[in-house]
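Notes to accompany the following structure.
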Amino acid sequence: MIVTVTMNPAIDKTVEIDSLQPGGLNRIKKVEYDAGGKGINVSKTIKELGGESVAMGFLGGNAGRTIENVLKEKEIQGSFVWVQGETRTNTKVFEQNGEVTELNEPGPVIGEGKMEELKTRLLEYAKPGVLFVLSGSIPSGVERTIYRDIICLVHEKGAKALLDADGDLFKYALEAAPDIIKPNRVELEGYAGIDYRASDRELYDIAKGLMDKGIGTVAVSMGGSGAVLLLPGRSVRCPALSVKAHSTVGAGDAMVAALAYSWEMGLDSVETARLCMAASAGAVTTIGTKPPSRETVEELKKQVIMEEIGE
Ligand SMILES: Nc1ncnc2c1ncn2[C@@H]1O[C@H](COP(=O)(O)OP(=O)(O)OP(=O)(O)O)[C@@H](O)[C@H]1O
Ligand SMILES: [Mg+2]
């Protein structure tokens, strides 16, 4: 069973206008809404891949209810803790000339009581055979050690954890040895204190060091350059698949979904790598964070190339 945790969900609102007039009246030509936030994006992709997950986290107000409804429509099970205030609506304004302006709301502040409620809820699900996907930023009021603390709690119950987070969240969480991590290149360089573009070999060495500390799988995503994947018993470098790019936003989330789904299905390292590359490249072909279809992913799997990385 897969549980995704989204501490900071959002309605992703996309509006199209001819050209933005600051200080003037702007008429919107087209508007679209979707439920977003990293964990929720992972749940949506898992659904497309043919799997199931429970989406957990915090929701508030009308925006929260909208997210709950969107998930229901997509037949994704939700189990959210309701909080005071309004879940974020993040607006992207697309102009005809390709310019994008983003307006992000702050979202509710989470008190200690609500966090305890979420932890209790998570622990109701924590047992062997369950994977918790912890991804994305955290709302105000939440300690930066939160992912570390949750990983420790679920590990005590025999459950597993997949981490996709940045900065301090990532650094502290590593102390609890999550089972699977998916840093992108910049996140891993930041963690290692490298202020230049690291070579694939250097990224591999840093990732290998993390595996030696007890992390089972390290997937280092490198955007359009592909990925370095350290999987049980096998380390490979995969060039990115050649696709018509629409939006690279959410490509990382699709790789996280592929890692979680592969774990759930007990796929071997070769099949896991194949799915990671195909799902993430598929996400690039869709608009915004929309997940790729199963057919697209199956088709893209045929393109995947793996180069073994030696010690
Ligand atoms: N232009 C591209 N063409 C093909 N595949 C791509 C492209 N960009 C990204 N990918 C695929 O998606 C994977 C994840 O991308 P990336 O490293 O950008 O993740 P990320 O920075 O975590 O993204 P996000 O957090 O926005 O979801 C890459 O390893 C690669 O397989
Ligand atoms: Mg990412």
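Computed from heavy atoms alone, side chains included, the values below leave out hydrogens, waters and symmetry copies. Atoms within each ligand, like the ligands themselves, are counted from 1 in listed order. Computed from a predicted structure; not experimentally measured.
Short contacts between ligand 1 and Val284, defined as distances under 4.0 Å to a heavy atom of the residue, involve ligand atoms 6 (C), 7 (C), 8 (N), 9 (C), 10 (N). Interface atoms of ligand 1 facing Lys182, defined by a heavy-atom separation under 4.0 Å, are 22 (O). Shown in contact with Met222 at under 4.0 Å from a heavy atom are these atoms of ligand 1, numbered in order with element: 17 (O), 29 (O). Listed by number with element, the atoms of ligand 1 under 4.0 angstrom from any heavy atom of Ser221 are 14 (C), 16 (P), 17 (O), 19 (O), 29 (O). Proximity to Asn184 (heavy-atom distance under 4.0 Å) selects the following atoms of ligand 1: 17 (O), 20 (P), 21 (O), 22 (O). Heavy-atom proximity to Lys38, at under 4.0 Å, picks out these atoms of ligand 1: 24 (P), 25 (O), 27 (O). If you number the atoms of ligand 1 from 1 as listed, the ones under 4.0 Å from a heavy atom of Leu241 come out as 3 (N), 4 (C). Less than 4.0 angstrom separates some heavy atom of Val243 from each of these atoms of ligand 1: 3 (N), 4 (C).
A side chain to side chain contact (heavy atoms under 4.5 Å, CB included) with Arg237 is found for one member of Met306, Glu307, Arg201 and no other, namely Glu307.
Atom CD of Glu175 has more than 12 neighbouring heavy atoms from other residues, nucleotides or ligands inside a 6.0 Å radius. Heavy atoms from other residues, nucleotides or ligands lying under 6.0 Å from NZ of Lys29 number more than 12.
Proximity annotation for atom 26 (O) of ligand 1: of Gly250, Gly252, Ser242, Gly250 comes nearest, heavy atoms only.
Among all non-hydrogen protein atoms, the one lying nearest atom 29 (O) of ligand 1 is Gly226 O, 2.9 Å. Nearest to atom 31 (O) of ligand 1 among the protein's heavy atoms is Ser280 OG, 2.9 Å. Ranking the protein heavy atoms by distance from atom 2 (C) of ligand 1 puts Gly224 CA, 3.9 Å first.
Considering backbone and side-chain N/O atoms, Ala240 never comes within less than 3.5 Å of an N/O atom of ligand 1. Considering backbone and side-chain atoms together, Gly223 places an N or O closer than 3.5 Å to an N or O of ligand 1.
Judged as a side-chain contact (heavy atoms from CB on, under 4.5 Å), and not counting sequence neighbours, the contacts of Ser43 are Thr4, Ser53, Ala55, Ile76. In this structure Tyr191 satisfies the ring pair (Phe, Tyr, Trp, His ring centres under 6.0 Å) test together with Phe170, sequence neighbours excluded.
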task = Decide side chain to side chain contact (heavy atoms under 4.5 Å, CB included) for Asp164 and Val42; before the verdict, give the C-alpha distance in whole Å, the side-chain angles of both, and the deciding distance to 0.1 Å.
result = CA-CA 11 Å; Asp164 177 16; Val42 171; over 6 Å; no

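Here Lys44 does not pair with Glu48 in a salt bridge; the nearest charged N to carboxylate O distance is not below 4.0 Å. Using a 4.0 Å cut-off between charged side-chain N and carboxylate O, Asp168 and Lys171 make a salt bridge.
Looking at heavy atoms from C-beta onward, Arg65 lies in side-chain contact with Trp82 at the 4.5 angstrom threshold.
If you check the side chains of Thr14 and Glu16, you find no donor sitting under 3.5 Å from an acceptor.
Contacts with ligand 1 closer than 4.0 Å are made by no heavy atom of Ala245, backbone or side chain.
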